[in-house]
Amino acid sequence: MQNERSRSRRWFLGLGAAWSAALVACQSKTASPPPAEPRALGAAVSPYGSRSKFEKTARYFNQNTKVPLEEASSRTPLHETYGIITPSSLHFERHHSGVPELDPATHTLTIHGLVGRPLVFSVDELKQLPSKSRIHFIECSGNSGGEWRGGSTESDVQRIHGLTSCSEWTGVPVSTLLRECGVDPKATWVLAEGADASKHDRSIPMKKMMDDAMVVYGQNGEPLRPEQGYPLRLLLPGWEGNSNVKWLRRLKVMNEPAMSREETSKYTDLMPDGSARQFTFELEAKSIITRPSGGDTLVAGAFCELTGIAWTGRGTIVSVEITTDAGATWAKAELQTPVLPIAHTRFRFPWKWDGKDTVMASRCTDSTGYTQPPLTELITVRGMNSQYHNNGIQAWKVASDGKITNGNRA
Ligand code: CO
């Protein structure tokens with residue numbers, strides 16, 4: 001009877017016979033009734049939710065001193081988040097001059113330049129226009145950049161890769177707004193400018209603006225968080241984080257790029273021959289095993305689900321492969337639905353570590369047929385002058401005592 005029950009439960013979970021021992025162990029642990037709980041009245045309802053006091057997951061901060069570990073960025077704890085949506089409170093932050101406090105009652109978006117009819121929109125006016133909600137990741141072009149020149153063996157997934165997050169964004173297509181203004185046919189670029197103290201700005205090709213760009217005011221079902229651009233940000237699906245201008249106040253329609261500081265001295269990619277790649281907006285396919293990962297310890301012979309995320313700025317993830325033998329063989333991971341374009345995609349792979357030291361890694365392929373390369377291949381082409389746009393394979397080294405460390409230079 002017991003055997004039959006565990007067999008059917010194994011079938012229900014969709015697991016092979018290999019994991020039966022672990023499941024039977026689970027069942028025997030929970031066989032005795034739980035201890036009696038006190039029946040005191042619980043907490044009252046509250047106007048705005050907060051998490052359990054037992055949960056401590058946080059962005060990349062010193063947890064004891066609450067001091068940020070980096071001056072102008074914080075990182076998503078990818079190893080401690082589930083599914084594909086990043087909680088708004090854990091979305092990574094990156095800004096150049098602090099988070100401005102903007103009142104949505106007075107903040108406006110101005111559209112001017114090469115248009116027939118310059119317009120100023122209030123936040124309320126934008127909210128009355130036909131809206132769209134879309135799930136997309138935003139990744140900083142500097143994410144994983146420290147690995148170009150070696151990284152640290154102690155680094156963990158949050159420190160290395162925590163500058164990517166995924167949300168449901170709600171707003172208005174930029175094409176709707178530009179059509180309202182009557183764009184001059186000569187116009188080819190649009191300068192997007194924020195209302196932060198340093199007026200962060202980027203020139204964006206008109207094609208992207210008319211294709212899928214949005215002015216968003218919603219994030220995960222509520223207004224944007226201040227750190228994400230409250231009350232308005234530009235969303236450019238699949239393009240590097242800094243071009244998704246936060247605290248958006250102005251779109252200037254032009255017939256050439258503005259050549260602003262952020263696209264000349266910053267956010268360009270210096271190549272080995274001394275030339276610089278400019279306007280490298282699109283993010284290429286990338287994946288990482290997030291759990292277990294650097295800092296975790298494996299137990300030999302125990303069931304272990306490898307899980308992580310994959311994403312691409314160019315379409316949809318079509319496959320993720322896993323190696324647990326340092327690249328000798330690769331096997332397909334299961335992709336968890338929904339698999340959405342330009343969104344984090346969750347993958348899972350059942351595994352049992354045999355107790356020998358090894359290297360584990362993931363690599364993904366997107367709907368254009370592009371496969372995530374080893375970091376060494378990227379360095380061969382782009383050299384070591386720039387740290388931007390590292391989408392190379394992340395290797396995790398497993399030592400014979402089960403300890404996992406960053407294996408990118410192992
Ligand atoms: Co770039």
Side-chain angles (χ1 to χ4, degrees), residues 70 72-73 75-76 92-96 136-149 151 160-166 188-194 196 198-209 211-213 228-229 233-246 248 254 256-288 310-315 342-344 364 366 368 370 372-373 375 377-394:
E70 290 162 305
S73 63
R75 294 167 181 242
T76 296
F92 81 87
E93 301 162 281
R94 174 76 184 99
H95 39 74
H96 296 174
H136 289 306
F137 75 85
I138 291 182
E139 182 184 19
C140 176
S141 57
N143 197 25
S144 329
E147 300 301 296
W148 275 112
R149 291 168 200 162
I160 303 172
H161 303 293
L163 295 175
T164 186
S165 305
C166 187
T188 48
W189 291 80
V190 179
L191 180 75
E193 182 187 76
D196 48 338
S198 58
K199 289 191 178 150
H200 176 75
D201 61 4
R202 288 301 309 264
S203 305
I204 310 299
M206 180 63 79
K207 187 178 181 308
K208 180 69 173 175
M209 287 303 219
D211 182 15
D212 61 355
Q228 296 314 317
R233 94 175 290 172
L234 183 63
L235 184 78
L236 301 178
W239 283 24
E240 58 187 14
N242 72 79
S243 65
N244 294 247
V245 174
K246 298 191 281 190
L248 187 68
M254 303 165 71
E256 59 187 355
M259 295 294 179
S260 73
R261 179 183 60 178
E262 310 299 350
E263 52 208 21
T264 49
S265 77
K266 293 277 177 193
Y267 300 124
T268 60
D269 312 323
L270 189 58
M271 301 297 283
D273 66 0
S275 66
R277 285 184 180 174
Q278 199 180 16
F279 304 118
T280 51
F281 292 117
E282 218 168 36
L283 294 158
E284 294 181 300
K286 185 165 172 179
S287 71
I288 346 151
W311 64 97
T312 171
R314 290 197 184 132
I342 315 183
H344 283 176
C364 63
D366 71 14
T368 69
Y370 172 91
Q372 181 184 10
L375 176 55
E377 271 183 28
L378 295 178
I379 291 172
T380 303
V381 177
R382 296 194 220 146
M384 305 274 267
N385 289 334
S386 170
Q387 301 190 357
Y388 291 129
H389 297 288
N390 172 16
N391 67 314
I393 292 170
Q394 168 68 47

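One-based numbering, in listed order, for ligands and for the atoms of each.
Under 3.5 Å, the side chains of T164 and N143 contain no donor-acceptor pair of N or O atoms. Using modelled atom types, one finds a donor on one side chain and an acceptor on the other under 3.5 Å when comparing Y370 with N391. Side-chain contact annotation: S141 with H389, donor-acceptor N/O pair under 3.5 Å absent.
The ring-ring contact (aromatic ring centres under 6.0 Å, His included) test applied to H200 returns H96, not counting sequence neighbours. Taking the ring-ring contact (aromatic ring centres under 6.0 Å, His included) definition, one finds that W189 meets it with F279, sequence neighbours left out.
Listed by chain and number, the protein N, O or S atoms at a distance under 2.8 Å from the Co ion (ligand 1) are E240 OE1, T280 O, T280 OG1, H389 NE2.
For residues 277-287, the set of pairs meeting the salt bridge (Lys or Arg N to Asp or Glu O under 4.0 Å) definition, not counting sequence neighbours, comprises E139-K286, E282-R314, E284-R314, E284-R382.
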